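Each remark here refers to the structure printed beneath this line.
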Protein chains: 2
Amino acid sequence: MVKTENTEERILEAARAVFIRKGLTGARMQEIADEAGINKALLHYYFRTKEKLFDRIFFEVFQTISSGINQAFTENIPFFDKIKKFIDLYIGVLLENPYLPIFFLNEIQQNPERLQQFIEKDVFKSMSSFLIQLSDEINAGRIRPVHPVHFIINMIGMLVIPFAVKPLLAPIVSRQLGIDYNDLLRERKEVVFQFIINAIKPIEK
Amino acid sequence: MVKTENTEERILEAARAVFIRKGLTGARMQEIADEAGINKALLHYYFRTKEKLFDRIFFEVFQTISSGINQAFTENIPFFDKIKKFIDLYIGVLLENPYLPIFFLNEIQQNPERLQQFIEKDVFKSMSSFLIQLSDEINAGRIRPVHPVHFIINMIGMLVIPFAVKPLLAPIVSRQLGIDYNDLLRERKEVVFQFIINAIKPIEK
DNA sequence: GTCTATAAGTAGATAGAC
DNA sequence: GTCTATCTACTTATAGAC
């Protein structure tokens with residue numbers, strides 16, 4: 001049960017929790033109302049329809065996801081520092097919002113049109129600039145040749161997947177290896193960085 | 001619209017398509033019936049409830065996902081060959097079933113209990129045996145030290161994510177770089193293998 | 001702004017004819 | 001096995017009192 005004073009903010013917090021847990025089609029307005037500690041009719045008073053309320057939450061989720069990318073990619077720092085910063089920021093965001101990636105990816109898989117509203121967003125620009133910096137590093141011979149798009153995909157995959165497969169792996173890892181999955185998630189800041197460095201650093205002579 | 005003669009099989013094909021597209025809560029029995037070219041009542045005649053029909057599909061999806069893992073991990077071949085085989089098999093499965101990972105991961109995020117029925121499955125055994133082989137390789141100094149669990153997560157992340165983010169990246173990659181995303185997906189068999197090799201092969205002297 | 005009550009439509013599921 | 005018709009319960013959304 002949410003505790004904020006402001007009713008609108010209470011609704012948003014409740015909606016975020018329920019939508020992320022159940023998805024658009026699985027969420028119930030009644031459940032959101034209960035979680036917010038208010039009446040169902042009041043939801044419609046504030047946001048008119050379930051779809052509009054969802055749009056609002058989806059937009060906020062997109063911002064959460066993209067702000068980290070922007071922050072790291074737009075800074076004017078050396079390439080390896082940028083990678084390190086991106087990884088740290090991103091795992092930080094995911095540790096606080098572990099269910100966000102699958103929620104987000106599932107909703108866009110089920111309804112890709114929802115992305116239309118974001119096509120002009122900054123994320124894509126800052127990603128482009130990162131791709132260019134990556135190309136420059138390759139041309140200068142400071143990292144091994146790797147297609148920039150593949151590189152980004154590799155990096156994002158290694159960051160996101162451990163959170164996505166947590167329900168699958170956590171019980172196994174815990175039972176069979178005695179490892180707490182959350183510890184493992186925190187370790188990944190260092191592990192992923194090192195793995196990437198190993199993969200792209202030119203062979204030393 | 002599905003064309004198989006056998007009604008039960010027609011229903012299953014239709015249900016698979018609809019459930020994977022819309023998820024458990026988003027799917028409608030009416031839509032499955034339409035897709036199968038039969039009546040809604042007949043669905044219930046064959047599978048009694050939506051939940052039972054979904055369970056059946058979910059089980060099949062799990063098998064599709066885990067059979068590739070089993071095949072590659074249980075074979076008695078050199079370590080790097082095993083990696084290569086796993087990557088090839090897995091990307092092959094995903095190219096044929098691109099929406100499977102997000103569907104699967106979303107459903108287990110929303111209802112982790114559904115995994116209970118699988119805990120005794122072979123995948124987990126064959127994954128354990130791979131973890132052991134990986135440890136052996138590290139101890140023998142044939143690959144750089146890397147925590148086996150982290151290694152598997154890295155590999156799976158790089159394999160799965162490009163399919164999961166396809167709705168997000170495909171339009172950008174296509175518009176801004178003129179690259180067909182499906183070409184890029186096929187390239188990944190080679191790219192991921194090379195990336196992993198670079199990351200874990202000991203530094204040559 | 002917030003509530004209760006209810007309308008209108010839809011979903012899963014069944015009855016019963018063929 | 002397969003269909004049409006229908007039941008029952010639930011869901012979003014609104015009307016209207018306070």
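These figures come from a predicted structure and were not determined experimentally. In what follows, chains carry the letters A, B, and so on, assigned in the order in which the sequence lines appear, proteins first and then strands, with residues in each chain numbered from 1.
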Tell me the interatomic distance from [X], atom [atom1], to [N], atom [atom2], rounded to whole angstroms.
X: B:R28; N: C:dA11; atom1: CZ; atom2: P; value: 5 Å
X: A:M29; N: C:dA8; atom1: CE; atom2: C1'; value: 16 Å
X: B:L42; N: C:dG12; atom1: CG; atom2: P; value: 16 Å
X: B:L24; N: C:dA11; atom1: CG; atom2: P; value: 14 Å
X: B:Y46; N: C:dA13; atom1: OH; atom2: P; value: 18 Å

* Asked: Should the pair A:K84 and A:F193 be classed as cation-pi, given the thresholds of under 6.0 Å to the six-membered ring centre and 45° from the axis?
  ->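 That pair qualifies as a cation-pi contact.
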* Asked: Does the separation of the ring centres of A:Y99 and A:F104 fall below 6.0 angstrom?
  ->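 Ring-ring flag for A:Y99/A:F104: false, centres at least 6.0 Å apart.
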* To do: Look at all strands and tell whether A:A33 reaches a base, only sugar-phosphate, or nothing, counting heavy atoms closer than 4.0 Å.
  =>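 No contact.
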Between [X] and [Y], is any side-chain donor less than 3.5 angstrom from a side-chain acceptor?
X: A:Q133; Y: A:K82; result: yes
X: B:N154; Y: A:R188; result: yes
X: B:K201; Y: A:N198; result: no

* **Nucleotide interval of DNA chain D bounded by contacts with chain B (heavy-atom cut-off, under 4.0 Å)** => D:dG1 to D:dT4
* Report the residue (A:K40 or A:Y45) whose heavy-atom-nearest nucleotide on DNA chain C is the more 5′ of the two. => A:Y45
* Asked: Between A:R28 and A:E35, is there a side-chain N and carboxylate O pair less than 4.0 Å apart?
  -> no
